[in-house]
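Following: one structure in structure tokens, then a few remarks.
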Amino acid sequence: MINWLFQFWIEADWSIALVMSVAVNIAVFVSTAFILDVGIGKLVTKYQWGSYIDERELKSEQKKMEFKFGITACIIFAACSLITRELFDLVWPSSFLSLISQIIIFVLFYETYSYFVHRLLHTKPFLKVHGVHHRSVRVTPWSAYSVHPVEALFIGMSAPVFMSLFSLSLGVALVLHVLGMMFTILLHSNFRLSMSNSILNQVGNYPAYHSSHHILGKVNFGFVNSFWDRCFKTRAKVS
Ligand SMILES: [Zn+2]
Ligand SMILES: [Zn+2]
């Protein structure tokens with residue numbers, strides 16, 4: 001079924017392929033943000049499993065604004081996915097080794113790409129553009145893709161840029177994109193777990209790391225790893 005859908009998407013007219021990509025992006029964004037938003041609300045208020053990192057009031061109509069920018073970003077990601085139709089060579093990797101190497105190289109590439117793009121967005125020419133994302137000081141899961149269309153284009157072009165340099169199968173690109181969206185939404189969950197479990201605490205550090213970027217500004221630019229933040233001394237410890 002999934003292979004049939006890929007084949008259909010590859011061969012379809014660009015307008016049909018665009019509609020399919022928009023549907024996938026919006027479905028992942030809205031369902032993940034909704035589940036995290038409602039779920040975390042319940043974990044904090046009903047079960048007391050944790051607390052919000054930043055407890056200040058949300059700005060008026062903040063989630064409405066975040067939703068609007070998020071949907072626009074999904075449409076831009078979908079448009080960028082049409083470029084990958086011109087650049088891919090296989091739907092799935094030809095071997096297990098190829099699968100592992102694609103994942104490792106892409107993860108390393110994206111960590112580097114997103115760090116330096118994020119640093120660029122904090123320079124004077126892009127302050128207005130990136131200011132859209134920083135309108136959310138106390139973040140919510142909906143803040144993840146509350147970005148200016150230009151910033152959405154930078155994010156959406158990561159796979160086409162990678163594919164013009166290295167081999168990346170369409171299937172791996174889709175899975176990594178969906179997981180990347182879910183992780184970005186988790187980064188903006190503003191949730192701190194109060195249980196002591198080493199694995200859960202490790203996962204729980206990610207939202208605190210990114211929340212401090214929204215609260216403090218020019219620190220913690222990294223996505224998954226703090227490697228580049230340590231190299232360029234832009235790392236701020238999270239409490
Ligand atoms: Zn920023
Ligand atoms: Zn953010």
Side-chain angles (χ1 to χ4, degrees), residues 25-26 28-30 32-37 40 52-59 61-74 76-77 107 110-158 176-192 203-239:
N25 276 279
I26 291 180
V28 174
F29 168 58
V30 173
T32 312
F34 179 78
I35 290 167
L36 269 189
D37 197 13
I40 286 170
Y52 288 116
I53 295 162
D54 187 340
E55 292 185 313
R56 286 174 288 184
E57 287 283 304
L58 289 176
K59 292 179 181 170
E61 311 236 301
Q62 182 178 328
K63 284 188 190 172
K64 197 172 160 192
M65 172 202 75
E66 292 173 340
F67 182 79
K68 265 183 1 203
F69 278 114
I71 296 295
T72 309
C74 286
I76 292 167
F77 298 160
V107 167
Y110 192 74
E111 195 60 45
T112 307
Y113 177 88
S114 63
Y115 178 85
F116 288 102
V117 164
H118 199 174
R119 289 293 302 265
L120 179 70
L121 290 168
H122 275 262
T123 61
K124 216 172 170 193
F126 290 100
L127 284 183
K128 221 172 163 182
V129 165
H130 192 47
V132 170
H133 188 57
H134 280 276
R135 279 186 209 169
S136 308
V137 178
R138 170 182 165 168
V139 291
T140 77
W142 302 99
S143 314
Y145 292 108
S146 181
V147 295
H148 188 282
V150 170
E151 184 168 345
L153 196 61
F154 273 121
I155 301 168
M157 283 305 290
S158 58
L176 289 177
H177 177 62
V178 170
L179 292 177
M181 283 184 90
M182 290 174 167
F183 185 75
T184 307
I185 294 167
L186 174 75
L187 280 184
H188 293 84
S189 63
N190 188 33
F191 179 63
R192 183 186 281 116
V203 175
N205 275 339
Y206 289 116
Y209 202 77
H210 193 68
S211 270
S212 60
H213 175 71
H214 280 265
I215 295 165
L216 301 171
K218 291 186 168 185
V219 293
N220 298 354
F221 293 91
F223 181 56
V224 175
N225 196 282
S226 60
F227 175 79
W228 288 115
D229 278 313
R230 288 170 198 267
C231 285
F232 288 94
K233 300 195 181 348
T234 52
R235 182 171 178 263
K237 280 209 168 123
V238 291
S239 52

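Counting convention: from 1, in listed order, for ligands and their atoms alike.
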Quick one: the NE2 of H122, the Zn ion (ligand 1), NE2 of H118 angle, rounded to 10°, please.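 Between NE2 of H122 and NE2 of H118, at the Zn ion (ligand 1), the angle is about 100°.
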Test: salt bridge (charged side-chain N to carboxylate O under 4.0 Å, His left out). Region: residues 118-140. Which pairs qualify, not counting sequence neighbours?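 Every pair satisfying salt bridge (charged side-chain N to carboxylate O under 4.0 Å, His left out) with a residue in residues 118-140: there are none.
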Partner residues of F223 under the side chain to side chain contact (heavy atoms under 4.5 Å, CB included) criterion, sequence neighbours left out: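 Checked F223 against side chain to side chain contact (heavy atoms under 4.5 Å, CB included); matches are Y110, E111, S114, F183, T184, L187.
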Applying side chain to side chain contact (heavy atoms under 4.5 Å, CB included), name anything that partners R230, two or more places apart in sequence or on another chain.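 R230 satisfies side chain to side chain contact (heavy atoms under 4.5 Å, CB included) with S226, R235 once adjacent residues are dropped.
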Close to the Zn ion (ligand 2), meaning under 2.8 Å, how many protein N, O or S atoms are there?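 N, O or S atoms of the protein closer than 2.8 Å: 4.
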Closest approach of H130 and L121, non-hydrogen atoms and distance?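 Smallest heavy-atom distance, with atoms named: CB-O, 3.4 Å.
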Judged by modelled atom types alone, do H118 and H133 share a side-chain donor-acceptor pair under 3.5 Å?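 Result is no, nothing qualifies.
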Please answer whether the main-chain N or O of T140 pairs with a side-chain N or O of H188 as donor and acceptor at a distance below 3.5 Å.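 Checking the backbone N and O of T140 against the side chain of H188, no donor-acceptor pair under 3.5 Å is found.
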